[in-house]
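FYI, side chains are in, hydrogens and waters are out, and symmetry mates aren't considered; it's all heavy atoms of this structure. This one's a predicted model, so the numbers in the text were calculated from it and none came from an experiment.
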Amino acid sequence: MDGTNIVLHKECNIGIAVALDWGLIVPVIKNAEEKNFLGIARPMNDLAERARAKKLKPDEVAEGTFAITNPGVFGGLFGLPVINQPQRRYSGFGYHRKAPGRHR
C-alpha cells in the first residue's frame, strides 16, 4: 500500500530467514515467481549454507518483497517473523504440539 493505492510488484523476491549462531539474516531468492519448487529449494539451500559461512554478498540480502520465517523449529509456541526493511510482507510458520493435561 502506498497511501490508498495498492502497489503491485512485478517480481517476487522471497527472503528466507536463516538462523546463525549470532543472530538472523535474510538472504533473498530473486524472481521466485519464475521458478518451480526445485528452482526455489536449490538457491534456498545455497544461500543458507553461504550465510552460515559468512559468504553472502550485499545484493543477496537486498530487494526482498516477501519474507518467510519458521520460529517453530526452535520448539517455541510462538515467534516473531523477521522483517527485513523495506520488505512489507512476511509469513511466519510454526508448529503445534500437544501440551500435557490439555485435551480437546
Side-chain angles (χ1 to χ4, degrees):
M1 294 290 293
D2 182 14
T4 58
N5 299 319
I6 296 174
V7 178
L8 297 176
H9 295 278
K10 293 181 180 178
E11 58 278 322
C12 181
N13 299 329
I14 300 176
I16 306 293
V18 176
L20 307 172
D21 291 337
W22 56 92
L24 290 170
I25 191 164
V26 184
V28 177
I29 299 169
K30 305 280 172 71
N31 300 312
E33 79 283 357
E34 297 175 353
K35 299 175 175 26
N36 61 17
F37 187 77
L38 190 58
I40 291 174
R42 285 182 176 151
M44 181 173 63
N45 288 333
D46 174 60
L47 288 168
E49 287 176 14
R50 290 190 296 114
R52 292 183 184 112
K54 299 182 185 178
K55 295 188 178 187
L56 288 177
K57 298 173 187 166
D59 66 321
E60 293 176 315
V61 294
E63 300 179 14
T65 56
F66 187 85
I68 299 172
T69 187
N70 179 8
V73 302
F74 301 110
L77 295 177
F78 64 92
L80 200 57
V82 174
I83 301 174
N84 189 22
Q85 296 294 336
Q87 291 173 183
R88 301 278 191 235
R89 304 289 179 256
Y90 59 86
S91 184
F93 298 94
Y95 78 102
H96 295 281
R97 67 178 177 179
K98 291 184 179 181
R102 293 187 179 182
H103 304 282
R104 290 184 185 191

Do V28 and E63 come within less than 4.5 Å of each other through their side chains, counting heavy atoms only?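 Answer no - side chains too far apart.
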So which pairs with a foot in residues 39-49 pass side-chain hydrogen bond (donor to acceptor under 3.5 Å, both in side chains), sequence neighbours left out?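 Sorted result for residues 39-49: D46-R50.
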Show your working on side-chain contact (heavy atoms from CB on, under 4.5 Å) between I16 and L47 and close with a plain yes or no. CA-CA 9 Å; I16 306 293; L47 288 168; over 6 Å; no
Of all heavy-atom pairs between P43 and I29, which one has the smallest distance, and what is that distance?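 So the minimum-distance heavy-atom pair works out to CG-CG2, 4.3 Å.
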Can you name the closest pair of heavy atoms from A19 and L24 and give their distance?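 Looks like CA-CD2, 3.5 Å.
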Who are the side chain to side chain contact (heavy atoms under 4.5 Å, CB included) partners of K54, not counting sequence neighbours?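 For K54 the side chain to side chain contact (heavy atoms under 4.5 Å, CB included) partners, ignoring immediate neighbours, are W22.
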With sequence neighbours excluded, residues passing side chain to side chain contact (heavy atoms under 4.5 Å, CB included) with R52: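 In terms of side chain to side chain contact (heavy atoms under 4.5 Å, CB included), with neighbours along the sequence ignored, R52 is linked to V18, L20, A48.
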What salt bridge (charged side-chain N to carboxylate O under 4.0 Å, His left out) pairs are there with at least one residue in residues 21-39, not counting sequence neighbours?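 The answer is none; no pair qualifies.
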